[in-house]
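What follows is a single structure, written as structure tokens, with notes after it.
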Amino acid sequence: MFAFAATFTLAAALAGADEAVMQDPAPSAEAAPAPEPTSEADPAATQAVSTQGYRDLRRITPLRGDPAAGKAKSELCAACHGAAGISIAPNFPNLAGQRADYLYWELVEYQSGAMPESAMTPLAASLSDQDMRDLALYYASLPAGRAPAQEEAPTQDAALLERGRQLFMEGEPGQGLPPCQGCHGADAGGHPLAAHVDRDGHAPWAAYPALRGQNAIYLQLRLNAFRTGQLHHSTNDFVMGGVGQRLDDDTISALSAWLAAQGP
């Protein structure tokens with residue numbers, strides 16, 4: 001039943017996106033389409049922009065790039081995300097072991113100005129499309145881990161952790177919350193079909209992120225951004241925006257605590 005609820009929520013959100021395109025095929029000047037990144041090395045890998053200005057991440061193709069080149073380009077990233085992709089502060093995400101497609105499309109969002117202004121904005125603006133591919137694949141290749149501060153953090157209340165586990169695995173039907181595992185996997189490591197490529201060459205589930213072992217404060221910030229409608233530029237944002245509207249402080253705290261407590 002819970003898996004069905006997650007599927008229904010996803011389908012409903014994405015159907016709404018498609019309906020918006022059909023109802024208004026000619027975007028206004030205020031809703032200009034986001035620029036589509038290009039790459040001489042792999043021009044087919046970024047087929048994800050609609051005429052409505054949102055990115056359809058159901059139609060991306062598998063990411064290609066050079067992790068070794070990404071390592072050589074990662075010096076600036078290390079200032080916040082650590083030399084091994086493990087963040088130096090709890091409000092920054094760990095990048096090591098994250099899904100490459102997710103990382104790439106996040107960088108695209110920063111570069112296009114779709115994300116709220118942050119320290120990432122000017123850094124992403126200086127990257128080429130190939131840089132973003134290489135960096136994403138490099139960080140995805142690193143072993144996931146925890147910052148020392150995470151390892152030394154006090155143990156969370158058992159009741160809070162159990163509440164977070166229940167929300168992730170089962171959702172909360174009374175609040176209209178689907179189980180998070182429907183998109184992020186039962187192990188919180190990303191969608192179980194992330195590597196699947198359909199008959200058209202698309203990888204529709206590749207850009208769902210892994211969440212386990214992430215910093216609790218970062219997760220809280222991210223979930224609050226969805227709850228307050230700050231992120232709304234891709235089909236994945238539409239799904240999470242619908243979920244975020246049903247979250248409250250207690251559910252955000254519980255989910256973030258449980259996910260952070262999971263081993264990398």
Side-chain angles (χ1 to χ4, degrees), residues 3 6-28 31-66 98-115 124 127-137 139-140 178 180-185 189-211 222 226 229-244:
T7 302
F8 178 79
T9 301
L10 173 63
L14 298 183
D18 288 337
E19 184 178 354
V21 174
M22 290 188 288
Q23 289 178 347
D24 185 11
S28 65
E36 180 175 358
T38 58
S39 168
E40 294 180 3
D42 185 19
T46 51
Q47 305 297 316
V49 178
S50 85
T51 56
Q52 277 302 115
Y54 69 84
R55 291 183 169 81
D56 189 344
L57 300 184
R58 300 168 298 177
R59 297 187 175 94
I60 61 176
T61 53
L63 194 66
R64 300 176 187 174
D66 183 352
Q98 182 56 272
R99 305 286 320 173
D101 298 84
Y102 171 75
L103 292 173
Y104 169 74
W105 287 105
E106 286 290 286
L107 287 171
V108 170
E109 292 283 79
Y110 276 112
Q111 190 175 75
S112 71
M115 290 289 196
L127 298 174
S128 70
D129 186 64
Q130 191 63 55
D131 291 338
M132 294 189 290
R133 294 167 184 274
D134 296 342
L135 285 165
L137 287 163
Y139 281 111
C180 308
Q181 67 162 313
C183 290
H184 298 284
H191 199 288
L193 295 177
H196 173 76
V197 177
D198 66 21
R199 62 184 181 182
D200 296 318
H202 299 143
W205 299 287
Y208 289 101
L211 302 178
R222 189 71 169 181
F226 283 116
Q230 297 177 52
L231 306 174
H232 45 77
H233 291 86
S234 73
T235 46
N236 286 9
D237 289 343
F238 296 160
V239 175
M240 277 305 301
V243 173

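Below, each value reflects all heavy atoms present in this structure, side chains not excepted, and no hydrogens, waters or symmetry copies.
- Leu137 meets the side chain to side chain contact (heavy atoms under 4.5 Å, CB included) test with Leu63, Pro67, Ala100; sequence neighbours excluded.
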Test side chain to side chain donor-acceptor pair (under 3.5 Å) applied to Asn236 and Tyr54, step by step: CA-CA 10 Å; Asn236 286 9; Tyr54 69 84; over 6 Å; no

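- In plain terms, the two heavy atoms of Asp198 and Pro204 that are nearest each other are OD2-CD, 4.3 Å.
- Looking at heavy atoms from C-beta onward, Val108 lies in side-chain contact with Trp105 at the 4.5 angstrom threshold.
- Side-chain contact between Arg55 and Glu109 is present, with heavy atoms from C-beta onward closer than 4.5 Å.
- Pairing each heavy atom of Ala140 with each of Arg99, the nearest pair is CB-C, 4.4 Å.
- Checked against ring pair (Phe, Tyr, Trp, His ring centres under 6.0 Å), His232 has no partners two or more places apart in sequence or in another chain.
- With contacts defined as side-chain heavy-atom distances shorter than 4.5 Å, the pair Met115/Glu106 qualifies.
- Ring geometry for His196 versus Trp205: interplanar angle of 30 to 60°, hence tilted.
- Gln111 places a side-chain N or O within 3.5 Å of a backbone atom of Leu127 that can act as its donor or acceptor partner.
- Closest non-hydrogen pair, His202 versus Arg59, comes out as CD2-O, 3.4 Å.
- Smallest separation of non-hydrogen atoms from Pro62 and Val197: CG-CG2, 3.7 Å.
- Between Thr235 and Asp56, the closest heavy-atom pair is CG2-OD1, 3.5 Å.
- Atom-to-atom distance recorded for Gln130:CD and Asp66:CG is 8.0 Å, nearest 0.5 angstrom.
- Applying side chain to side chain contact (heavy atoms under 4.5 Å, CB included) to Val243 and the options Pro178, Cys180, Cys183 leaves one that passes, Pro178.
- Ala124 and Tyr110 get closest at one heavy-atom pair: CB-CB, 3.6 Å.
- In this structure, CG in Leu103 is found 14.0 Å from CZ in Arg133, a value given to the nearest 0.5 Å.
- Contact annotation: the side chain of Asp237 approaches that of Phe226 to within less than 4.5 Å [non-hydrogen atoms, C-beta and beyond].
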